[in-house]
Amino acid sequence: MSTDKLRLIQCGVGGHGYGWVQHQTSQSPDFDLVAIVDVVDEQLTKVGEEVGIPAERRFKNLEDALKHVEADAILTVTPPVIHAQHAHVAFEHGLHVMTEKPIADTLDNAKRMVEMAEQSGKQLVVSQNYRFSPTVQTLKQLLNDQTVGEFGHGHMDFYIPADFTGSFRETMEFPLLVDMSIHHLDMIRCVTGRNITKVTAQSFRPPWSWYQHDPGLKMLLELEGGIPFSYSGDWSALGRYTSWNGNWRLQCGAGSLHMENDKLLVARCEKWSKDLTVEEVESTPLERGGPAATLHAFAEAIRTGQPAETSGADNLHSFGAVMAGVTSARENRTVEVAELISG
Ligand SMILES: NC(=O)c1ccc[n+]([C@@H]2O[C@H](COP(=O)([O-])OP(=O)(O)OC[C@H]3O[C@@H](n4cnc5c(N)ncnc54)[C@H](O)[C@@H]3O)[C@@H](O)[C@H]2O)c1
């Protein structure tokens, strides 16, 4: 193990956690993976054997791992209901925390995690990896540069029939809104540089859906500056699919910006003219994208003491918008995000 690397314990090496170990944490230039934790023995054995974590560094719970292994940080890739528990244990032991999205199962737990990070003087980072894709970052740049003028309003569609047989998503109350739209709302904040201030949401379960609760969503957002942004999605939609990033239209004063099936399009048309020009724009490559970017940002936050772009405190604005959607859908009213974050 290298001495200048930070020491990381990864909790949850199942579905998505398996990919984290294989592609990121076992080969990170910033971290040494010093232990793995999972409640399922078979996962521990499989992952441990595959990436060379010996049996004495595989644990059934985080407390046990911390008794036997020295570490600087944890990453938790467990169901959202576990994130706050892991953060609590890690902060009490003086460790930094990175968690998968959504930051927690409830806004109270998310706020408690942010408070614990502040009180312990440790970093809390949420892996909102979707915002670190070349397409999303280039769309942000095109909007920021006013490529087709001033931004006025936006829309995005997300339609993917996702099979989560056996996963917590089958039975959770708002699977699309809480587990997936969190990425999209976070991306909307990232691309527009504006927080979401108000949410009006209708959540529903199409008759053919295989989820116990609602995979369908119609949502109207208001962004800072009074910008309207609509969102439509269904995680049980058969037919034409969008990409996981969704299909976007950002309407600006002199044309529109689009992300469609991960292609970027700039559409221009003179006022009253029928001569539309549509130009495809190549995305600018990133040094690091996706989870590699969030993991590196976590290491940088630990080394510099400066919060990461997707810190826990920042993430309250994304998760707060999601939970405003939950409240709106439940109570059939428009909800101010600030009312929830500061409440
Ligand atoms: N950012 C992304 O693109 C992305 C993609 C998929 C999942 N996720 C997120 O990752 C997290 C995990 O999702 P998943 O799909 O891997 O779920 P999963 O249910 O497939 O896997 C969760 C793993 O955590 C383990 N686990 C459960 N309780 C535990 C505990 N107390 N301690 C240690 N391990 C425990 C389970 O045994 C399992 O191996 C969720 O928050 C999810 O939203 C993010």
Side-chain angles (χ1 to χ4, degrees), residues 1-3 5-22 24-26 28 30-127 167-168 172 291 294-295 298-299 301-303 308 311-313 315 319:
M1 275 175 211
S2 127
T3 47
K5 283 191 181 182
L6 296 156
R7 298 158 299 179
L8 183 75
I9 297 175
Q10 181 173 329
C11 307
V13 291
H16 191 50
Y18 180 55
W20 262 108
V21 179
Q22 273 189 315
Q24 306 298 338
T25 53
S26 70
S28 163
D30 298 306
F31 291 96
D32 274 326
L33 182 60
V34 292
I36 52 175
V37 177
D38 202 295
V39 288
V40 177
D41 277 324
E42 297 77 51
Q43 294 289 3
L44 285 174
T45 309
K46 178 180 153 192
V47 171
E49 296 301 316
E50 270 187 38
V51 299
I53 305 282
E56 64 275 17
R57 288 179 178 270
R58 305 171 196 163
F59 300 92
K60 295 291 283 288
N61 64 67
L62 178 57
E63 288 86 342
D64 245 15
L66 293 171
K67 277 187 204 141
H68 294 97
V69 173
E70 287 197 16
D72 302 295
I74 71 153
L75 163 67
T76 185
V77 194
T78 53
V81 70
I82 310 293
H83 297 176
Q85 296 169 28
H86 279 165
H88 183 75
V89 173
F91 288 135
E92 273 200 327
H93 285 79
L95 270 62
H96 303 272
V97 174
M98 183 154 90
T99 174
E100 258 299 344
K101 47 52 65 177
I103 179 172
D105 55 337
T106 66
L107 195 53
D108 279 348
N109 275 341
K111 288 194 236 178
R112 208 159 49 85
M113 288 164 75
V114 172
E115 271 166 28
M116 282 188 289
E118 275 162 13
Q119 281 161 10
S120 61
K122 300 294 168 187
Q123 299 296 332
L124 171 62
V125 178
V126 185
S127 185
S167 132
F168 60 89
M172 74 188 282
T294 58
L295 190 62
F298 182 38
I302 295 172
R303 290 186 181 122
S311 69
N315 200 257
F319 190 58

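Side-chain atoms are counted along with the backbone in the values below, which use heavy atoms only and exclude waters and symmetry mates.
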What are the two closest non-hydrogen atoms of [X] and [Y], and how far apart are they?
X     : Y      : result
Trp20 : Thr294 : CH2-OG1, 3.8 Å
Gly48 : Ile36  : N-CD1, 3.8 Å
Ala90 : Val97  : CB-CG2, 3.6 Å
Val39 : Lys60  : O-CE, 3.0 Å

Stepwise salt bridge (Lys or Arg N to Asp or Glu O under 4.0 Å) check, Asp32 with Arg7
CA-CA 5 Å; Asp32 274 326; Arg7 298 158 299 179; over 6 Å; no
I'd like to check the side chain to side chain donor-acceptor pair (under 3.5 Å) partners of Gln85; sequence neighbours left out, ordered by chain and number.
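For Gln85, no residue satisfies side chain to side chain donor-acceptor pair (under 3.5 Å) once neighbours in sequence are set aside.
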Side chains of [X] and [Y]: closer than 4.5 Å at any heavy-atom pair?
X      : Y      : value
Arg58  : Thr45  : yes
Leu6   : Ile302 : yes
Val34  : Arg57  : yes
Met113 : Thr99  : yes
Thr78  : His83  : yes

With sequence neighbours left out, the residues meeting salt bridge (Lys or Arg N to Asp or Glu O under 4.0 Å) with Asp30 are Arg303
So, the side chain of [X] versus the backbone of [Y]: is there a donor-acceptor pair under 3.5 Å, distance only?
X     : Y     : answer
Lys5  : Ser28 : yes
Gln10 : Gly17 : yes
His86 : Leu62 : no
Glu50 : Gly52 : no
His96 : Ala73 : no

Any chance you could measure Leu75, atom CG, to Cys11, atom SG, to the nearest 0.5 Å?
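Between atom CG of Leu75 and atom SG of Cys11 there are 7.5 Å.
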For Phe59 and His68, take the angle between the two ring planes, folded into 0 to 90°, and tell me which bin it lands in: parallel under 30, tilted 30 to 60, perpendicular over 60.
parallel
Show me, pair by pair, the donor-acceptor contacts under 3.5 angstrom made by side chains of residues 115-124, not counting sequence neighbours?
| from | atom 1 | to | atom 2 | distance (Å) |
| --- | --- | --- | --- | --- |
| Ser120 | OG | Met116 | O | 2.8 |
| Ser120 | OG | Ala117 | O | 3.3 |
| Gln123 | NE2 | Gly305 | O | 3.4 |

